[in-house]
Number of protein chains: 2
Amino acid sequence: MPKGIEKTLLSAIVEGRIAPGSRLSENQLAEAFHVSRTLVREALTRLETRHIVSVRPRRGWFVNRPSAEEAAAVFAARRAVEYGFLKTSAPFGPAQIERLKAHIAEERAAIDAGDKAQLTYLMGDFHCRIIALGGNDPLAEIMRNLTARTILISLRYQPAEGALASHRDHCGIAGAIIAGDMDRAADLSLAHLEEVEAGLRIPDARDPLEDLRNTLRLDPAPGGQGH
Amino acid sequence: MPKGIEKTLLSAIVEGRIAPGSRLSENQLAEAFHVSRTLVREALTRLETRHIVSVRPRRGWFVNRPSAEEAAAVFAARRAVEYGFLKTSAPFGPAQIERLKAHIAEERAAIDAGDKAQLTYLMGDFHCRIIALGGNDPLAEIMRNLTARTILISLRYQPAEGALASHRDHCGIAGAIIAGDMDRAADLSLAHLEEVEAGLRIPDARDPLEDLRNTLRLDPAPGGQGH
DNA sequence: GGTGCAAGCCTTGTGTACAAGTTAGATGTG
DNA sequence: CACATCTAACTTGTACACAAGGCTTGCACC
């Protein structure tokens, strides 16, 4: 059961329904899931090990708001993992290529529909699925976690969408993979991630105002507080 | 406090004091750590998310015994991560090189001392420290987890030590890094990991006897049960 | 002797009670 | 009115109690 709670919470977070910085009350969650705090705590603990949420003692659980340093590190980690995966992988087979094409189509559909949250999710999921298609579970899980953290970063620092540009990049990467040119795919991936990172609006770290704002804005409330 | 329990348990496991397959009793651990089962469970849950232990419902917690498939996947993941890290990293500076040399010296000392468990630990830690020296925390944590799993694999499948050969490889990789040739270091790393994996004594998967033995050997008892 | 069954012990799973600490708001005081 | 202080409500932290299911062992029966 707690695995389900973890999954549900994570979905809500990466799909943008719970904003970074939100407080997650054990009691409210327990009530919402119709379980005791015990299971909620287990789920939150699991998410903490994945760096999705963190707890401040006696204060509460909060959805992580990645710092500029953490954001840079996560992007660098993604570059290393994705580049390493593509460079050490054999070219994809027909079945894998088919599913890759399916994802690209999904992205285009989301763009046409104009669903921003869904789009943010799909943009991250692209990289995830590529690795998942490789069939390496540990690596896929690593990528899932990094992607989730990336979404937290995007939600915090990416006001406008470079989504269209991302989609173009994705098409290029997918094209290289489909052509069997993993080396080119790796290079394109690297460039793509650098471009996305460069597009983030990360405020000047030495601006004391930013820290102040973070300190003051404490609990944006996770959702409606039913009757 | 539970973080400390997690750390202590993990140390005991990766240093070979608790064998893969051992059962970890919540009650015994609670008694040993002078805490309630609650905190022990939290620590075990954390280790479960890291794929170090797993729980079989109403049966107990067990230190993971990686299957042949999992072992292959973990090695492939390590290759991707390590290769990607080296390929996307800038050459090391003097301070980093110094600490790299220190590790090599440590390895040699352990070899001379002949401490097999310590050696297994250091052999894995080499790759860990390289990435840690890069200063990327998320990637370092990923590598720590993969390394821990690799140790479980080694403890299970590596009867004799290719430790000397590994040390030679490590010297070569370190040498390339020190020379500032990250590309060569990456290639050497790849070859090294392939060699280590090839040296594993993984039994024929289609041998039913192996599965039987796994099924039968249930709980080798985690340690002495004295008071 | 062999076999099936059942009771008791031991395991984890989950809920609940209380302890410790933080925050917000009311209240009294200058 | 401004400000310090104290109290009350709410947070997580931890222990504990009980529930549910699995394994072992002893016993009855064939």
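Bear in mind that the values here come from a model prediction, so they are computed numbers and not experimental data. A, B, ... follow the sequence lines: proteins, then strands. Residue 1 opens every chain.
Every ring pair (Phe, Tyr, Trp, His ring centres under 6.0 Å) that B:H192 has, sequence neighbours left out, goes to B:H127, B:H170. For B:L10, the side-chain contact (heavy atoms from CB on, under 4.5 Å) partners two or more places apart in sequence, or in a different chain, are B:V14, B:L47, B:R50, B:I52, B:A148. In this view, A:E48 and A:V53, A:V55, A:W61, B:K3, B:R46 satisfy the side-chain contact (heavy atoms from CB on, under 4.5 Å) rule, not counting sequence neighbours. The salt bridge (charged side-chain N to carboxylate O under 4.0 Å, His left out) check on A:R144 picks up nothing, with sequence neighbours excluded. Partners of B:L29 by side-chain contact (heavy atoms from CB on, under 4.5 Å), not counting sequence neighbours, listed by chain and number: B:L9, B:L24, B:F33, B:V40, B:L44.
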N/O-N/O pairs, protein side and nucleotides 12-15 of chain D side, under 3.5 Å:
unit_1	atom_1	unit_2	atom_2	d
D:dT12	OP1	A:E26	N	3.4
D:dT12	O2	A:R58	NH1	2.6
D:dG13	OP2	A:R41	NH1	2.5
D:dG13	OP2	A:R41	NH2	2.8
D:dG13	O4'	A:R58	NH1	3.3
D:dG13	O4'	A:R58	NH2	3.4
D:dG13	N7	A:R37	NH2	3.0
D:dG13	O6	A:R37	NH1	3.0
D:dA15	OP2	B:S36	N	3.0
D:dA15	OP2	B:S36	OG	2.8
D:dA15	N7	B:T38	OG1	2.9

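When rounded to the nearest whole Å, the span between CZ of A:F33 and C1' of C:dT14 equals 16 Å.
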